[in-house]
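Working notes, beginning with the structure itself.
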There are 2 protein chains.
Amino acid sequence: MITAKDIARELNLSQPTVSRILNGDEGHRAAQATRERVWEAAQRLGYQPNAVARSLRLGRTDIIGVHTSHNYDVRNDFLGAIVGALQCACAERHLDIMLHSGLYGSLAETMYGKLRDGRVDGLILHSSAGDPLAELLRESALPVVAVADALPGFAAVTCDDAGGMKGLVDLLWSRGHRKFVFLAPQENLPSVEKRRRVFEVELRNRGAKAQDRVIKRLDFENSAPVAAELRAQGPLAVCCWNDKTAYNLLHECHLQGIQVPQELAIAGFDGLRDEKLPARLLVTVRCPWDEVAMQALGVLVQLIESRGESGKGAINKEICLPVSVLDGDTI
Amino acid sequence: MITAKDIARELNLSQPTVSRILNGDEGHRAAQATRERVWEAAQRLGYQPNAVARSLRLGRTDIIGVHTSHNYDVRNDFLGAIVGALQCACAERHLDIMLHSGLYGSLAETMYGKLRDGRVDGLILHSSAGDPLAELLRESALPVVAVADALPGFAAVTCDDAGGMKGLVDLLWSRGHRKFVFLAPQENLPSVEKRRRVFEVELRNRGAKAQDRVIKRLDFENSAPVAAELRAQGPLAVCCWNDKTAYNLLHECHLQGIQVPQELAIAGFDGLRDEKLPARLLVTVRCPWDEVAMQALGVLVQLIESRGESGKGAINKEICLPVSVLDGDTI
DNA sequence: TTGTAGGCGTTATCAC
DNA sequence: GTGATAACGCCTACAA
């Protein structure tokens, strides 16, 4: 790899002179002739400044880290949506993205170390309430913005989970549904908590009895027995905490011959529904994940630029973006 | 940020002593008491070695770059599959991933510079034939492994496009189809070229006339007029170059009321078909993208480790992974 | 067992 | 205009 020193030697100049000229040289503090010689040599030798050395010197890498405490990678629709949008947003701002790969279940301490080893200027984080990693990060100087799920003590960009769930209940109620189940995940996600709470409040306000607005926890996998169980409880409307769960349930219904929406009406939440096939259009709530990512990046850049001023928590506002209910034919 | 020097000062030691102890200290070249003091202080002060400085010194970052010359991000099913699998594979090898965000259409030279500025040890590349960036990279010292589409002069991990297409033609022919169209993209992708060639050869061998094995180029977007045009040409089997194209076409058929598979039989290629909904199962060829990513990483690590030995092109083998035809109900 | 010296490649601050 | 000099934080070789 060819360095500035190599160029300097070639031209009988000092290395800093080369560096100055190649760095824009705003003050015109170099002879025209020298400048041309330097540019020519740089071109000819294929000089590329070493970004690692520059980062060490400047204390800045222009790299944004992305990490999730959940066990998913970019193939997960949600994370893919976030990271994909970040890629676009980063390109405009001349930033790059680092995906911190941590084995799921590795110690929070270990991950914490990797995140603050100086390789990223800031972090886009997706985590859940009570995550030990978040606890650690809160005390650190690393700028962090949470996405989708707000974390106490961090800036965050989220979707209007409450509004979305209200809209969904409105729609379901208007279609005549009176018996409901909310399928929640095992993990404690703040966004899902909000949805769940609105689900309960809205239905209670409408006079639904406790047994007609049940909360049920499940994981991605085991939707087979759940489908059967739900069917047994007569016709009802199932609000799934995300689209993936809803699709799993739909799939099960197909396998078990359960009529949708006659026996089970199904709604999702995410806006990550698949529109490739027109056959079955899931009712869901569209969350603008691309916008979430863009805004999160904006806030993160602000945090990074204002680093050091008046403590880190200066900007820890939470931005909440509007959602919209998407109708379909599963309710 | 707290450095090794800080610890040294605190304990009245020299900085290298601290560094040595914290780095494993295999030779036991330190007093037990000193070691304990150092570890204690490191713990107490929350010391985290600066990875940027370390990288500068060691000439190694333990970061793998990912770049595509095409205009897509991680939300593209294919790229998502590759990057997602890479995330898993990297975690095991204690590597991290960098997504080089380059605005589509930015100069190859610019991108070339960013890729070899020392921030990544190697590169996973997805590109097409004749890409100027690939030309540049071929001359550089940066270890590169191409995925999905082989590039002359690079190591590559690909799928058995030829075998897959042969299997697909076998299946279509056995189902009685005798009139075919191959939908190809505008770009010149080596993998697609292989599929196209086998498509032609296999059909010619079976005695299909030229007008019954047509090649048609199109982009993602404009499948609307194409669908109508295809329908007009009577019942035929359409082999789409990838699943996304196939789904677009299916969608169009639905909108225009074209019967699938009676009027148009449709097959994809990728294995990125959506199985969330059981309704319409696309006939396609499953490409093991996760395996592609894993193997590519393996080769890349080999290249990195053997860097400097006997020129770079030492290992530029091409690994070709087996595929399988997936039946469905669209043909 | 520990400290000193040097360098990775860059940028910034000064003299000259 | 340009060249020393220093510093970013780390690791390695060698000397003490």
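Remember, it's a predicted structure, so these values are computed and weren't measured experimentally. Protein chains get the first letters and strands the later ones, always in sequence-line order, with residue 1 at the start of each.
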N/O (side chain, Thr17(A)) to phosphate O (OP1/OP2, dG3(D)) under 4.0 Å: yes

Pro49(A) vs Gln32(B), nearer the 5' end of DNA chain C by closest nucleotide: Gln32(B)

Euclidean distance, atom CD1 of residue Ile21(B) to atom P of dT12(D) [Å, nearest integer]: 15 Å

Phosphate OP1/OP2 of dC10(D) contacted by Tyr47(B) side-chain N/O (<4.0 Å): yes

Heavy atoms from other residues, nucleotides or ligands near CE of Met294(B) exceed 12 (cutoff 6.0 Å): no

Touch class at under 4.0 angstrom, heavy-atom based, for Thr3(A) against every strand present: sugar-phosphate

Whole-Å gap separating P (dG9(C)) and CG (Asp6(A)): 8 Å

Side-chain ion pair, Glu135(A) and Arg138(A), N-O less than 4.0 Å: yes

Whole angstrom value for the distance that separates P of dC8(C) from CG of Leu56(A): 13 Å

Sugar-phosphate, base or nothing in reach of Pro16(B), heavy atoms under 4.0 Å: base

Whole-Å gap separating P (dT10(C)) and CG (Leu22(A)): 9 Å

Side-chain N,O (Lys5(A)) to OP1/OP2 (dG7(C)) below 4.0 Å: no

Rounded distance in Å - CG (Asp62(A)) to C1' (dT10(C)): 14 Å

OP1 or OP2 of dG1(D) under 4.0 Å from side-chain N/O of Thr34(A): no

Flag for Ser191(A)-Asp149(A): side-chain donor and acceptor within less than 3.5 Å: yes

Separation of atom CD1 in Ile2(B) from atom P in dG9(D), rounded to whole Å: 11 Å

First of Asn50(A) and Ser14(B) reached from the 5' end of DNA chain C, by closest nucleotide: Ser14(B)

Sugar-phosphate, base or nothing in reach of Asn12(A), heavy atoms under 4.0 Å: sugar-phosphate

Minimum-distance nucleotide to Leu58(B) side chain [options: dT12(D), dC10(D), dG9(C)]: dT12(D)

Whether over 12 other heavy atoms sit under 6.0 Å from Gln43(A) CD: no

For atom CG of Asn23(A) and atom P of dT10(C), their distance in whole Å: 10 Å

Out of dC10(D), dG9(D), dT2(C), whichever nucleotide has its closest atom nearest the side chain of Gln15(B): dC10(D)

Side-chain donor/acceptor of Arg20(A) to base of dG1(D), under 3.5 Å: no

Parallel, tilted or perpendicular, as decided by the 30° and 60° cut-offs, for the rings of Phe78(B) and Tyr72(B): perpendicular

Between dT10(C) (C1') and Arg119(B) (CZ): distance, integer Å: 14 Å

